[in-house]
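Just below is one structure, and these are the notes that go with it.
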Amino acid sequence: MGAVLAASCQAPASEGLPPLQFVPTPPEKAAAAPLRDECRDLIPILAADTPEGVARERAWLEQLFPGAAIVSTTGIDCAGVPADRVVFVQDGVERVVVFDTSSFFGKVEGDDLNELLDG
């Protein structure tokens with residue numbers, strides 16, 4: 001049986017949120033797979049708002065896949081959970097990871113975007 005990867009990395013903490021601890025999906029699970037399987041392996045990202053959340057996604061990728069080049073990022077719905085599907089290439093291998101963005105989706109500078117637009 002293959003070894004499960006475990007890594008710890010500190011990303012900048014937002015006020016009121018703990019530092020991000022990475023517990024990565026093993027590379028063999030991160031390889032391109034049908035969308036239904038991708039949603040099963042969501043990688044939670046905790047952040048106060050969208051800019052911080054995206055930065056934490058990038059930090060996760062850089063920590064586990066140094067030098068990876070992002071091919072695309074797509075917002076998807078995983079059974080009601082907002083998620084970012086990120087396709088990237090490292091060492092000529094295309095991989096996919098899916099981040100759970102529910103903690104920061106639609107938030108700007110800690111505020112809910114819908115509330116800001118409503119007035």
Side-chain angles (χ1 to χ4, degrees):
M1 180 177 277
V4 175
L5 293 176
S8 178
C9 177
Q10 298 283 325
S14 289
E15 231 175 273
L17 291 176
L20 182 60
Q21 296 292 318
F22 298 113
V23 180
T25 300
E28 62 272 13
K29 284 191 173 185
L35 187 57
R36 67 182 181 280
D37 293 334
E38 292 170 354
C39 284
R40 183 184 59 219
D41 294 323
L42 288 175
I43 299 160
I45 299 292
L46 298 178
D49 56 30
T50 299
E52 180 186 2
V54 171
R56 286 174 173 239
E57 290 175 355
R58 300 302 180 258
W60 187 96
L61 283 170
E62 184 58 34
Q63 175 72 25
L64 296 170
F65 301 95
I70 295 174
V71 175
S72 66
T73 301
T74 307
I76 62 172
D77 181 286
C78 288
V81 176
D84 281 343
R85 180 181 189 272
V86 179
V87 179
F88 64 97
V89 175
Q90 183 194 39
D91 298 329
V93 178
E94 185 173 278
R95 301 179 187 277
V96 175
V97 293
V98 180
F99 295 106
D100 174 346
T101 62
S102 59
S103 76
F104 63 86
F105 180 75
K107 294 180 181 174
V108 179
E109 295 181 7
D111 293 320
D112 186 290
L113 184 58
N114 289 326
E115 290 176 14
L116 291 174
L117 292 174
D118 288 341

When rounded to the nearest 0.5 angstrom, what distance separates [atom1] in [X] from [atom2] in [Y]?
X: Glu62; Y: Phe88; atom1: CD; atom2: CZ; value: 11.0 Å
X: Cys39; Y: Ile76; atom1: SG; atom2: CD1; value: 4.5 Å
X: Thr101; Y: Arg85; atom1: OG1; atom2: CZ; value: 14.5 Å
X: Ile43; Y: Asp84; atom1: CD1; atom2: CG; value: 11.0 Å

Side-chain contact test, heavy atoms from C-beta onward, threshold under 4.5 Å: evaluate it for [X] versus [Y] and give yes or no.
X: Pro66; Y: Gln90; answer: yes
X: Phe65; Y: Val93; answer: no
X: Thr73; Y: Arg58; answer: yes

Residue pair Asp100 / Pro44: nearest heavy atoms and the distance that separates them: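 Asp100 and Pro44 have their closest heavy atoms at CB-CA, 3.9 Å.
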Quick one: does [X]'s side chain have a donor or acceptor within less than 3.5 Å of a partner on [Y]'s backbone?
X: Arg56; Y: Leu46; value: yes
X: Thr50; Y: Lys107; value: yes
X: Ser103; Y: Ala47; value: yes

Following the transitive rule for hydrophobic clusters with a side-chain heavy-atom cut-off under 4.5 Å over Ile, Leu, Val, Met, Phe, Trp and Tyr, establish whether Val87 and Val98 coincide in one cluster.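 Yes, it is one cluster - the side chains of Val87 and Val98 are joined through contacts under 4.5 Å.
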Can Ile70 be reached from Ile45 by stepping across I, L, V, M, F, W or Y side chains whose heavy atoms are under 4.5 Å apart?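 Looking at the clustering, Ile70 is in the same group as Ile45.
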